[in-house]
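Notes for the one structure printed next.
The sequence lines fix the lettering, A, B, ..., with proteins before strands; numbering per chain opens at 1.
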There are 2 protein chains.
Amino acid sequence: MSKNEQRDLAPERLEKLRHILREHRIIRVDDLCQILQISAATARRDLAQLEMQGEVRRVHGGAVGLDTMLAEPVFDDKTSIAASEKQAIAEAALPFVKPNDSLFLDGGSTVLALAGLLASRTDLTVVTNSLRVAGALAAGGPAVILVGGELRRLSQTFVGPMTRFTLEQIHVDTAFIGTIGLTPEQGLTTTDPKEAYTKSLIISRARQVILLADSSKIGKTAFSPFARTDQVHVLITDRALDRKATRDFEKHGVRVIAVDIVKNRTTPKGP
Amino acid sequence: MSKNEQRDLAPERLEKLRHILREHRIIRVDDLCQILQISAATARRDLAQLEMQGEVRRVHGGAVGLDTMLAEPVFDDKTSIAASEKQAIAEAALPFVKPNDSLFLDGGSTVLALAGLLASRTDLTVVTNSLRVAGALAAGGPAVILVGGELRRLSQTFVGPMTRFTLEQIHVDTAFIGTIGLTPEQGLTTTDPKEAYTKSLIISRARQVILLADSSKIGKTAFSPFARTDQVHVLITDRALDRKATRDFEKHGVRVIAVDIVKNRTTPKGP
DNA sequence: ACATTTGTGATTATATTTGATTGTTTTTGA
DNA sequence: TCAAAAACAATCAAATATAATCACAAATGT
């Protein structure tokens, strides 16, 4: 029976914020406080979160919406679920990016989070088949090379046989990839054969393959296989696997890194 | 009499500055202070920043916009000048899109406006080298095929030799293209050689070429030529050319379509 | 019900942006 | 060429925005 003010839930507020930014393209913190009836601290926190997810660019006094916001309904939901896990995994992947590297970043929200972290690195070359990664890096940062091909709307990636001709032109130091399913025996699997085709091509053009997969993917098998487990050099995931699973992966030569979400520290298992 | 003065956010101001420069081509610091209500120090700082980004060249007393600014910028918002002209040109292009066609849409804001008009046409196949066109169609509508390649940030398009391999795989019914400069004798020109390379490739893969160019482009010549006038089948522009210019284009086999803009404002003088 | 976690707003300290002031450089016109 | 005028860069202080910290309330799990 205390105050009956109905405050917005955080995701609700973020969705309103997204709509505002879609319309206005630019918003100042003060106006946000007024419109959403929140404090400046909360407004800033929300903007910071959207920036981490690569949806806005913050500037002194407010934020600017990115073009990427104009598209995609399905995909967005995935990014908000388990966002902190994805963020933590992305941060753990950062040490594998060396100065002047050329990288491949594929689709998937975890890899997108990594792209956000690289947005100010002008020394890098990023090859990608993801429209959203390209969007996240469109304003500045690394040199961007996009693999052509047909747009697969569900994942917002470019896939299929036409990707081959561009991919055959390039070589990268490190490929950061995501997956739908992952088991030691079945290897890496995804849902769409065309997506699988492109992913396997990518892996063949990379010196080092780093798999970013939150723990929900492990033990799952999807329709289309695209790589064997032994083709993965490093697996970064969001919590410690049981000893057996870790051993199974290491038997295939995979280095397993688990991120402790609470402390946000990595606990390497292995050499 | 509340204090109704709200200062512009930095990116807002820079965007206004870009628009001013696109219109006037040259601007003095004093005028900037007046128009944007800022001090000379801030005006200089803004110009210095745009100069670092290669968008303007500073001169004593002000700055000159570079040709590349016409190539359509990273951000264009609702305040974009000539937005209604671009929209009208795009609408005039619509009758050239037949059911089940495959189209090419290149970079440039006029073509982007056309993309927006096609966003609900599921019968089409759209090939593009523009990140923004892909973004506009990312949520649904036509099948989208993106040409890969290096991202040219200024125009937000993918250009260069890597586009070749994908473009050689495709053929389209109609290519809708923009340009920076257009004269009957010099043909079509743009600022960046890589951009020109890709544009000329596109034209060679299209059965029909339709040029969308607002009147500010006509009579201009930019650095890199990418097509002869006789390679263009239709030119759609925003106001009637003089009789001689029209005849010159028609002599090269170009069909000229001029869109009559009806303005909401009452203009005392006739056309 | 209790303790724990999470989210929010207030407070303080820090950082950024801005406009005024200063001295220096460039342009202009004799 | 020189000197005056204009424009510029550098510096500083004030205004403003942000980050960091704390305390409290609500939600959550035990």
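A straight line from CD of Q49(B) to C1' of dT17(C) spans 12 Å, rounded to a whole angstrom. The distance from atom CG of D46(A) to atom P of dT8(C) is 7 Å, rounded to the nearest whole Å. L32(B) places its CG atom 13 Å from the P atom of dA7(D), with the value rounded to the nearest Å. Per the geometry, CD1 belonging to I38(B) stands 15 Å off C1' belonging to dA20(C), to the nearest Å. Distance Q37(B) CD to dG19(C) P: 10 Å, rounded to the nearest Å. When rounded to the nearest whole Å, the span between CZ of R58(A) and P of dT16(C) equals 13 Å. Between E51(B) atom CD and dA9(D) atom P there is a gap of 9 Å when expressed in whole angstrom units.
The one candidate from L188(A), V111(A), T110(A) that meets the side chain to side chain contact (heavy atoms under 4.5 Å, CB included) condition with I177(A) is L188(A).
One donor-acceptor pair, N or O on each side, does fall under 3.5 Å between the base of dG9(C) and the side chain of R45(A).
A distance of 8.0 Å separates CG of L36(B) from CG of D46(B), quoted to the nearest 0.5 Å. For the atom pair H19(B) NE2 and I35(B) CD1, the distance stands at 13.5 Å (nearest 0.5 Å).
Note on S39(A): every side-chain N or O is 4.0 Å or more away from OP1 and OP2 of dT8(C). Between dT17(C) and R13(B), no contact under 4.0 Å exists linking OP1 or OP2 to a side-chain N or O. Taking side-chain N and O atoms only, T42(A) has a distance below 4.0 Å to OP1 or OP2 of dG9(C).
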Distances under 3.5 Å between nitrogen or oxygen atoms of protein and nucleotides 14-17 of chain D:
unit_1	atom_1	unit_2	atom_2	d
dA17(D)	O4'	H60(A)	NE2	2.8
dA17(D)	O3'	G61(A)	N	2.9

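Residues in residues 100-120 of chain A take part in these salt bridge (charged side-chain N to carboxylate O under 4.0 Å, His left out) pairs, two or more places apart or across chains: D106(A)-K199(A).
A pairwise comparison of heavy atoms in L137(A) and R153(B) identifies O-NH2, 2.9 Å as the closest pair.
Here the side chain of A41(B) is nearest to one of dA20(C), dA19(D), dC8(D), namely dA20(C).
Residues that satisfy the side-chain hydrogen bond (donor to acceptor under 3.5 Å, both in side chains) test with S130(A), not counting sequence neighbours, are absent from this structure.
Side-chain contact between N129(A) and L146(A) is absent, with no heavy atoms from C-beta onward closer than 4.5 Å.
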